[in-house]
Amino acid sequence: MAADYKGDYQELVDEISELLGAPATLENRDFELLAFGTYDSDDELDASALDPVRTRSILTRRSTAGVRTWFEGFGITRATGPVRIPPSPEAGVYRGRICLPVRHRGVVVGYVWLLENEPGPTDAQLDAAMRVAGRIGALLADEAEAGAGLSRELRAVLTAEGGWQRDMAVAELRTALGPRADGPHTLICVAPWPSPDPDDAPSTRSVPHAAALCTIPWGAAAQSLAVLVRLRSTAVGAPALAAAGRVLEEAEGAWGALGIRGGTEAATTEGSPAPSGCGTGTRSGSGTGARGGSGKGAGGASGKGTRGAVPRGAGAAVAAAVAAGVAGASRYTGGPGTAGFGGPAAGIGDPRVGLAELGAVWQEARAAAQAALAERRLGPVAQWRGIGPYRLLTALPPESAQDPAAGPLLAPAHRELARTAEVYLDCAGQAGRTASELGIHRQTLYYRLNRVEQLTGLDLDDGEDRLLLHMALKRARL
DNA sequence: TGCGAGCGGATTCCAGAGTC
DNA sequence: GACTCTGGAATCCGCTCGCA
């Protein structure tokens with residue numbers, strides 16, 4: 001049964017505030033706010049509580065990197081007793097404060113902060129406060145252990161083969177979650193996730209509405225992060241979106257720390273516009289007679305496609321993970337969806353009540369993440385219900401990625417032709433819109449389409465041939 | 001309802017320029 | 001020289017609208 005840790009932290013912080021006669025705040029070792037004391041002074045408004053750093057910490061639930069660096073410079077990560085920190089206006093710290101390191105079995109797990117007042121607390125008072133900090137440390141360690149346990153249960157559910165194995169895993173997760181297990185839930189898949197190490201995953205506390213999270217293999221060498229999210233109802237997806245946004249921030253930060261660009265910036269610095277710019281356009285065009293005409297043979301290709309997708313500045317292991325998990329999608333296009341490593345993406349499955357269908361929800365979340373990575377216009381956070389044809393395409397077996405009909409077109413030398421064909425098909429075969437979308441002359445478009453037909457042996461005036469090529473091109477992006 | 005005129009988009013053909 | 005792209009002109013085709 002999960003404990004109400006938040007309430008316990010609050011009581012302990014209030015206890016410290018009362019002991020020392022000053023408002024206290026509690027942050028974890030990542031400087032994320034866990035609780036803050038509301039000490040009642042005799043004044044109507046205690047100006048001492050209006051310190052900018054403390055106010056910011058309370059309002060944003062965390063401290064800035066600059067403040068963190070300044071504090072850590074006083075050795076608070078190694079201290080076993082109270083540490084006095086003088087004010088430093090240049091670091092944004094306008095008031096001196098006392099840091100009580102919160103330790104458990106010798107390891108720092110958080111910090112209690114007190115603004116210094118005159119006269120300061122006595123040694124006896126600080127000793128008493130440190131004993132309370134010790135109880136907070138035990139509580140933080142207990143919570144971390146409980147969270148890790150849920151990770152194991154969640155991973156067991158998501159990696160179970162099915163049948164009785166999954167039923168057993170679901171039963172264990174249900175027991176661990178308690179009564180909350182019967183409420184509405186969904187799953188978020190964030191991929192690629194930079195590390196398989198559970199210690200590198202964010203805590204459930206730092207992800208809004210998260211009940212459990214764990215890492216799951218993504219392809220051959222990469223990782224993804226699964227987040228189980230509690231919802232108020234299956235009709236309201238806002239909590240899942242908020243959680244996905246928060247975890248994406250963590251993922252982008254982690255990839256950034258590894259020297260790999262995140263976010264959409266990387267996606268727009270190379271290559272051309274998205275191949276699917278016409279995806280939501282009007283219905284079919286004229287469908288008139290056959291194209292033929294002025295092709296001049298099936299000789300060499302331009303070879304002017306977009307450049308490689310391997311991130312620069314990354315370690316070999318990371319590059320391998322990216323190659324397996326992300327860049328594999330960029331087999332031919334140069335568009336934002338696939339041009340290099342455009343950062344991680346998140347997929348959200350359809351909400352369900354209870355945990356029985358968690359396996360299916362996970363498949364949906366994975367598929368949505370896969371679609372968001374392949375087609376950046378769907379992301380960075382994509383919901384299963386919003387990925388359109390990718391609901392079918394992601395369900396196809398891996399071997400379908402190389403359909404012989406589209407094979408020649410997927411060669412690196414013919415990236416531009418493949419992109420031309422895909423935009424043309426996305427635009428429902430309307431030459432004018434396609435040429436406009438690609439920024440080429442319409443005659444150039446006819447020339448390229450003629451080359452596509454020569455390479456593939458398909459007839460773009462035939463509906464089934466069009467469907468086959470369209471599916472093959474989309475599938476190859478996944 | 002059927003027909004024809006007008007319009008606009010799609011297609012084809014040809015010539016020529018640029019690049020490798 | 002081969003390939004690719006661009007531009008102009010002619011033609012085809014489907015759609016809309018007015019009219020009987």
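In what follows, every chain begins at residue 1, and chains take the letters A, B, ... in the order their sequences are listed. Everything numeric here is computed off the predicted structure, so don't read it as measured data.
- In this structure, the side chain to side chain contact (heavy atoms under 4.5 Å, CB included) partners of A:A160, at least two apart in sequence or on a different chain, are A:Q165, A:R166.
- Within the structure, every side-chain polar atom (N or O) of A:R448 is placed at least 4.0 Å from both OP1 and OP2 of C:dT4.
- Of the possible polar contacts, one joining the A:S224 side chain to the A:I216 backbone as a donor-acceptor pair under 3.5 Å is found.
- Between A:R451 atom CZ and C:dC3 atom C1' there is a gap of 8 Å when expressed in whole angstrom units.
- Side chain of A:T444, nearest nucleotide from C:dT6, B:dA10, C:dT4: C:dT6.
- Between A:Y446 atom OH and C:dG7 atom C1' the separation is 14 Å, expressed in whole Å.
- With sequence neighbours left out, the side chain to side chain donor-acceptor pair (under 3.5 Å) criterion links A:E364 to A:R352.
- Taking atom CG on A:L449 and atom P on C:dC5, their separation rounds to 11 Å, with Å as the unit.
- The shortest distance between the side-chain N/O atoms of A:Y447 and the OP1/OP2 oxygens of C:dC5 is not below 4.0 Å.
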